[in-house]
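First up is the structure itself, then whatever we jot down about it.
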Amino acid sequence: MSETKAKGVPLLELRDVSKTFLKDGAEFKVLEKVNLEIDEGEFVCILGPTGCGKSVTLQIVAGLIEQSSGSVILDGREEHGPGPHKGMVFQEYALLPWRSVRENVELGLELKGVSRKERHRIAGEQLEIVGLKGAENSMVHEISGGMRQRAAIARALANSPRILLMDEPFEALDALTKEEMQIQILKAWEKTKTTIFFVTHDVDEAIFLSDKICVMDINPGRVKKILENRLPRPRHELVCRTDREFGEMRDQIIQLYSSLKDEELDLVF
Ligand SMILES: Nc1ncnc2c1ncn2[C@@H]1O[C@H](COP(=O)(O)OP(=O)(O)OP(=O)(O)O)[C@@H](O)[C@H]1O
Ligand SMILES: [Mg+2]
């Protein structure tokens with residue numbers, strides 16, 4: 001997708017983003033000068049071992065926590081704090097159990113004062129995109145984990161965010177459902193053309209989904225390498241994981257991490 005576009009101003013830019021937390025009275029550097037650019041319509045994954053600061057990076061972009069230094073620039077403007085233009089989907093579904101699937105998807109639109117009829121239309125459209133047509137009136141407890149995550153994605157997309165931020169959204173799902181969801185998110189991305197910034201520690205997931213992979217290092221968390229992913233699209237068939245190019249990309253990533261000690265590595269290969 002990004003290949004066909006002329007290189008312009010990126011949609012999102014992280015410039016020298018660093019983050020220090022206080023731990024037991026001492027300063028603890030979690031992120032050191034993270035630089036990353038994401039173009040409009042791109043699907044970018046951050047990949048890295050546990051504790052390297054993937055979630056912190058995403059939370060800074062979301063505006064949930066503030067960086068200690070550096071800047072986050074979205075649409076050419078410096079960002080501070082959260083907003084509906086940044087959709088979020090995390091591992092926990094965070095759906096409201098007392099509302100139906102449709103009512104959950106309509107939540108953000110309701111808060112914006114969108115009319116009932118329009119809310120219905122948008123929610124219906126987004127639920128269809130994530131493959132939840134027919135489950136609109138189910139309550140959250142009546143649907144599976146995979147369906148809940150689809151509903152969470154539909155809810156985020158319903159607000160037409162400039163960027164969708166996803167933090168290991170499929171980690172709590174069983175292996176087959178996780179694979180189904182990976183295909184589903186690619187389909188939703190192709191239909192909506194929403195820019196996606198996706199955190200994972202699953203190497204195959206990053207390769208399967210992304211245009212670009214930001215491989216992170218740990219202690220302190222920093223960008224180790226940014227890899228362009230030129231695997232052809234569409235990639236709706238998981239069989240592409242057995243392709244030579246897929247294997248080469250996996251080897252490249254394994255090489256990048258081979259310098260890390262085993263105990264620091266919890267990547268799924
Ligand atoms: N609010 C906080 N206060 C203090 N330390 C924090 C806070 N949030 C995260 N950290 C620390 O920052 C480091 C990076 O955390 P982060 O959650 O970003 O890791 P991660 O790469 O997402 O790991 P995982 O793959 O396990 O989710 C960790 O050492 C964590 O303990
Ligand atoms: Mg995390």
Side-chain angles (χ1 to χ4, degrees), residues 12-36 38 43-72 79-82 86-94 145 148-149 152-153 156 163-175 178 181-182 185 196-210 212-227 250 253-254 256-269:
L12 176 75
E13 218 183 319
L14 304 189
R15 280 194 204 152
D16 286 339
V17 170
S18 298
K19 179 70 187 171
T20 304
F21 284 115
L22 270 183
K23 218 173 196 176
D24 305 325
E27 287 203 335
F28 169 59
K29 189 156 223 176
V30 171
L31 291 180
E32 186 169 72
K33 295 200 170 180
V34 171
N35 284 290
L36 180 66
I38 300 183
F43 199 133
V44 175
C45 288
I46 302 191
L47 178 70
T50 194
C52 72
K54 303 183 294 295
S55 296
V56 168
T57 305
L58 213 69
Q59 284 168 24
I60 289 172
V61 174
L64 299 175
I65 56 177
E66 205 176 336
Q67 64 272 28
S68 307
S69 60
S71 36
V72 175
E79 281 283 298
H80 298 283
K86 294 181 280 195
M88 284 175 267
V89 179
F90 298 134
Q91 201 181 94
E92 316 77 41
Y93 317 113
R148 286 178 202 182
Q149 207 51 307
I153 294 166
I163 190 161
L164 184 58
L165 307 173
M166 308 185 81
D167 191 353
E168 308 216 32
F170 310 142
E171 269 320 287
L173 306 174
D174 65 84
K178 183 177 178 182
M181 289 302 299
Q182 290 167 354
I185 192 66
I196 300 184
F197 192 17
F198 189 108
V199 162
T200 183
H201 65 267
D202 181 332
V203 177
D204 280 10
E205 181 167 71
I207 301 173
F208 183 63
L209 296 176
S210 70
K212 195 156 87 184
I213 305 177
C214 173
V215 181
M216 285 188 71
D217 212 337
I218 191 169
N219 294 329
R222 59 198 185 277
V223 177
K224 194 173 176 86
K225 189 147 192 180
I226 293 172
L227 302 173
R250 192 192 285 123
I253 293 169
I254 293 169
L256 277 173
Y257 281 111
S258 59
S259 56
L260 282 178
K261 293 194 282 305
D262 285 350
E263 64 266 24
E264 285 182 331
L265 215 58
D266 77 323
L267 289 166
V268 180
F269 290 106

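Values reported hereafter were calculated over all heavy atoms of this structure, with side chains retained and with hydrogens, waters and symmetry mates removed. Numbering of ligands and ligand atoms starts at 1, following listing order.
Looking at Gly51 next to ligand 1, an N or O pair under 3.5 Å apart turns up. Remark: ligand 1 and Phe21 share no N or O pair separated by less than 3.5 Å (distance only, no angle test).
Comparing heavy-atom distances from atom 9 (C) of ligand 1 across Val30, Val56, Val199, Thr50 singles out Val56 as nearest. For atom 21 (O) of ligand 1, the nearest non-hydrogen atom from the set Gln59, Lys54, Met216, Glu171 comes from Lys54.
Using a distance-only test at 3.5 Å, with no hydrogens or angles considered, a donor-acceptor pair links the side chain of Lys224 to the main chain of Leu256. For Lys33 (side chain) and Ser18 (main-chain N/O), no donor-acceptor pair under 3.5 Å exists by modelled atom type. Side chain of Gln149 to main chain of Phe90: a donor-acceptor pair is present (N/O by atom type, distance under 3.5 Å, no hydrogens or angles). For Asp24 (side chain) and Ala26 (main-chain N/O), no donor-acceptor pair under 3.5 Å exists by modelled atom type.
Within the 2.8 Å limit, Thr50 places no N, O or S atom next to the Mg ion (ligand 2).
With ligand atoms numbered from 1 in the order given, ligand 1 contributes 25 (O), 27 (O) to contacts under 4.0 Å with heavy atoms of Glu168. The ligand atoms of ligand 1 that sit less than 4.0 angstrom from a heavy atom of Lys23 are 31 (O).
To the nearest 0.5 Å, atom CD1 of residue Ile185 and atom CZ of residue Phe198 are 7.0 Å apart.
Taking the ring axis of Phe28 as reference, the NZ or CZ atom of Lys23 stays within 45° of it and closer than 6.0 Å to the ring centre.
Using a 4.0 Å cutoff on heavy atoms, Gly48 does not count as a contact of ligand 1.
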